[in-house]
Amino acid sequence: MYNNNAYSKSPIYNKALEILSLSRNISQYLNYEMSTLKHDGQEHPAIYLTGDIILHSNFLGDFILDAEKEVLSENRDKHLTAIEKLTYRLHKNCERLEKHSDYGKDFIRLLKYEVRRFRVLQRKWMLTL
């Protein structure tokens, strides 16, 4: 992530950092549950979704900063489209994790709620650019 203080005061960027922190903690919690092998030696089918939520939430902040500092509207639209895709994938991966997780459902629901709040903030933010 960038360490540029000029953009760190943006509410959407701060929300993206909050989602990143939350997704890292959830992933760490769920990895303990999903890291054990099944009786037949197979790994848990949703173990890679925990890494995906971290990856998607990590790129959110980068694309927000890129979109805010972009001058050309054509390039800015590419970053905004990427942010929309990332939030969609993040929400879908949370839904998939919710189906596979036994103990972390409440935490995943919290992340889904924060992603929905981020989407509302994102729509308002996109109109201001």
Can you measure from [atom1] ([X]) to [atom2] ([Y]) and round to the nearest 0.5 angstrom?
X: Arg119; Y: Lys124; atom1: CZ; atom2: NZ; answer: 15.5 Å
X: Asn93; Y: Tyr88; atom1: CG; atom2: OH; answer: 10.0 Å
X: Asn58; Y: Leu90; atom1: CG; atom2: CG; answer: 11.5 Å
X: Leu30; Y: Ile53; atom1: CG; atom2: CD1; answer: 7.0 Å
X: Glu84; Y: Arg123; atom1: CD; atom2: CZ; answer: 8.5 Å
X: Glu95; Y: His91; atom1: CD; atom2: NE2; answer: 5.0 Å

Quick one: closest heavy-atom pair of Ala67 and Arg76, and the distance?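 It is O-CG, 3.6 Å.
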Which heavy-atom pair separates Ala16 from Ile64 by the least distance, and what is that distance?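 For Ala16 versus Ile64, the nearest heavy atoms are CB-CD1, 3.8 Å.
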Taking side chain to side chain donor-acceptor pair (under 3.5 Å) as the definition, give me every residue that meets it alongside Glu18, ordered by chain and number, with sequence neighbours left out.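 If we apply the side chain to side chain donor-acceptor pair (under 3.5 Å) test to Glu18, skipping adjacent residues, the hits are Lys15.
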Evaluate side-chain contact (heavy atoms from CB on, under 4.5 Å) for Ile26 paired with Thr50, printing each intermediate quantity in order. CA-CA 8 Å; Ile26 289 172; Thr50 59; over 6 Å; no
Side-chain heavy atoms of Glu68 within contact of Ile12, under 4.5 Å: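 Sidechains of Ile12 and Glu68: in contact.
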Any non-hydrogen side-chain atom of Leu80 less than 4.5 Å from a side-chain atom of Trp125?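 SC-SC contact between Leu80 and Trp125 confirmed.
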Backbone N/O of Leu17 and side chain of Ser21: donor-acceptor pair under 3.5 Å: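 Answer holds: no.
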Would the distance check show the side chain of Ser27 and the main-chain N or O of Ser23 forming a donor-acceptor pair, the cut-off being under 3.5 Å?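 Side chain of Ser27 to backbone of Ser23, a donor-acceptor pair under 3.5 Å: no, none is there.
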Geometric class of the His79/Phe63 ring pair [parallel <30°, tilted 30-60°, perpendicular >60°]: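 Rings of Phe63 and His79: tilted, as their planes differ by 30° to 60°.
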Is Ile54 reachable from Tyr113 through a run of hydrophobic residues whose side-chain heavy atoms are each under 4.5 Å from the next?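 No, separate clusters.
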